[in-house]
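Counting starts at 1 for both ligands and their atoms, following the listed order. Only this structure's heavy atoms are used, side chains among them; waters, hydrogens and symmetry mates stay out.
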Amino acid sequence: MRVISTERSQILAARIAGALETTVVDVQFSRFPDGELYLAAGELDDETIIVGSITDNDALVQLLLLIDACDTSTNWLVIPYMGYARQDKRFRTGEPISARVIARLFGRGVASCITVNIHEKKVLGYFDIPASNISLASEMGNYIKSMGLDDPLIIAPDDGALAFARDVASAGEWDCDHLEKIRLSGSEVKMGPKKLDAASRSVVIVDDIISTGGTIATAAAMLYHQGADNVYASCIHGVLIGGAYAHLKANGVRDIICSDTIERGCSRITAAGQIAAALRSG
Ligand code: R5P
């Protein structure tokens with residue numbers, strides 16, 4: 001068994017290979033003059049773990065090409081970050097169910113699929129192959145423990161993230177609560193009033209995704225307004241588009257932490273251990 005990955009998931013793939021005591025496959029990536037993607041996989045074993053986060057459209061195509069390049073092997077797919085998963089239903093007439101479209105692309109060439117903190121678990125049901133999800137809540141909780149904060153308050157930015165926040169908080173038996181978020185547009189949110197005991201406390205806002213940073217920046221402003229001493233942000237998938245990291249720092253967020261499902265300078269939590277465990281158990 002060997003591990004192979006797209007360009008965007010090389011570090012996580014190497015960590016998974018390390019955890020499974022195997023090696024990664026060398027892959028050559030390039031583009032044709034017209035921009036089309038090209039790749040060539042090195043020597044494969046008879047079993048392959050294919051790792052690729054869908055961070056953008058190129059990453060999606062590269063993952064599909066990689067699966068085809070591995071068609072002499074029995075393959076297990078890992079999609080650490082599944083882009084398009086947030087469009088998990090038709091919010092307005094005429095829209096596609098994008099998460100379903102993406103999931104259905106992976107019906108051939110792989111035996112099963114593992115995702116990490118997928119935005120909505122129901123998306124797993126859109127795959128034509130067995131699909132399961134792992135959560136890095138305990139890894140995030142352990143990382144927060146290592147920060148040495150004095151009795152932090154763990155906050156979910158909305159009630160959808162509350163179950164995850166509770167799982168994170170259970171690592172240290174910390175208090176946990178949620179804000180109420182109203183989305184105004186793709187990049188703007190406002191927080192509805194919610195009574196929180198954030199005064200004079202360190203607060204860690206936890207979410208599955210930080211994309212533009214709008215949700216966390218708004219939440220942080222509200223928490224500072226309520227007297228919080230320090231606000232931190234931690235997410236699984238650091239999408240961090242359009243200067244989101246700087247936007248959060250500029251808005252007083254002391255530190256931003258994410259996992260390596262998307263490889264960033266602030267990826268301080270690894271999904272490798274849990275992915276390896278899930279692959280081992282099978
Ligand atoms: C949405 O429901 C997700 O859980 C995140 O809260 C959202 O994707 C964050 O987006 P942004 O950083 O752009 O506010």
Side-chain angles (χ1 to χ4, degrees), residues 53-57 59 79-92 95 97-100 102 115-124 126 133-137 139-141 154-169 176-192 194 196 203-224 231-259 261-267 269 271:
S53 277
I54 301 170
T55 50
D56 55 32
N57 297 339
I79 305 179
Y81 170 65
M82 184 175 164
Y84 290 96
R86 282 175 287 178
Q87 181 77 23
D88 59 341
K89 62 183 178 194
R90 204 163 265 141
F91 295 93
R92 290 189 200 149
E95 291 179 346
I97 303 174
S98 309
R100 185 175 65 182
I102 302 301
T115 62
V116 180
N117 288 95
I118 196 158
H119 183 65
E120 274 294 335
K121 287 223 180 95
K122 79 169 183 197
V123 172
L124 299 174
Y126 293 150
N133 182 65
I134 60 168
S135 172
L136 303 184
E139 280 77 0
M140 189 184 283
I154 308 299
I155 292 285
D158 55 33
D159 59 352
L162 184 59
F164 173 64
R166 282 200 179 118
D167 289 345
V168 173
C176 182
D177 201 349
H178 73 96
L179 303 172
E180 285 182 297
K181 179 174 75 172
I182 301 153
R183 183 163 285 285
L184 301 174
S185 70
S187 59
E188 267 187 300
V189 291
K190 78 172 186 181
M191 299 292 172
K194 173 102 184 160
L196 294 165
V203 181
V204 186
I205 308 167
V206 302
D207 206 351
D208 59 340
I209 298 168
I210 300 178
S211 183
T212 64
T215 301
I216 301 282
T218 308
M222 183 179 169
L223 291 160
Y224 280 126
V231 177
Y232 301 83
S234 188
C235 69
I236 300 300
H237 311 296
V239 176
L240 299 175
I241 56 158
Y245 187 92
H247 179 57
L248 293 175
K249 291 294 280 183
N251 279 277
V253 177
R254 306 283 185 239
D255 201 1
I256 300 119
I257 297 129
C258 65
S259 83
T261 58
I262 300 178
E263 295 170 357
R264 301 284 184 214
C266 56
S267 296
I269 300 163

Within a radius of less than 6.0 Å around NZ of Lys122, do more than 12 heavy atoms belonging to other residues, nucleotides or ligands occur?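 Enclosed: over 12 neighbouring heavy atoms sit under 6.0 Å from NZ of Lys122.
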
With a 4.0 Å heavy-atom cut-off (strictly under), which part of Asp207 contacts ligand 1: side chain, backbone, both or neither?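 For Asp207, only side-chain atoms sit under 4.0 Å from ligand 1.
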
Need the ligand 1 atom indices (1-based, order shown) with element for anything under 4.0 Å from a heavy-atom of [X].
X: Thr215; value: 9 (C), 10 (O), 11 (P), 14 (O)
X: His119; value: 1 (C), 2 (O), 3 (C), 4 (O)
X: Ile210; value: 12 (O)

Passing candidate, side chain to side chain contact (heavy atoms under 4.5 Å, CB included) with Ile262, options Leu240, Ile236, Val239: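 For Ile262, the side chain to side chain contact (heavy atoms under 4.5 Å, CB included) check succeeds only for Val239.
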
For Ser234, side-chain hydrogen bond (donor to acceptor under 3.5 Å, both in side chains) partners two or more places apart: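 Checked Ser234 against side-chain hydrogen bond (donor to acceptor under 3.5 Å, both in side chains); zero matches.
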
Under the side-chain hydrogen bond (donor to acceptor under 3.5 Å, both in side chains) test, which residues partner Asp208, sequence neighbours left out?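 For Asp208, the residues satisfying side-chain hydrogen bond (donor to acceptor under 3.5 Å, both in side chains) (neighbours in sequence not counted) are His119.
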
Do we see a donor-acceptor contact under 3.5 Å between the side chains of Thr55 and Ser53?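 No - no donor-acceptor pair under 3.5 Å links their side chains.
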
Would one find an N or O of Asp158, backbone or side chain, under 3.5 Å from an N or O of ligand 1?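 No, Asp158 has no N/O under 3.5 Å of an N/O on ligand 1.
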
Min N/O separation Gly213 to ligand 1 under 3.5 Å: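 N/O-N/O distance under 3.5 Å: yes.
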
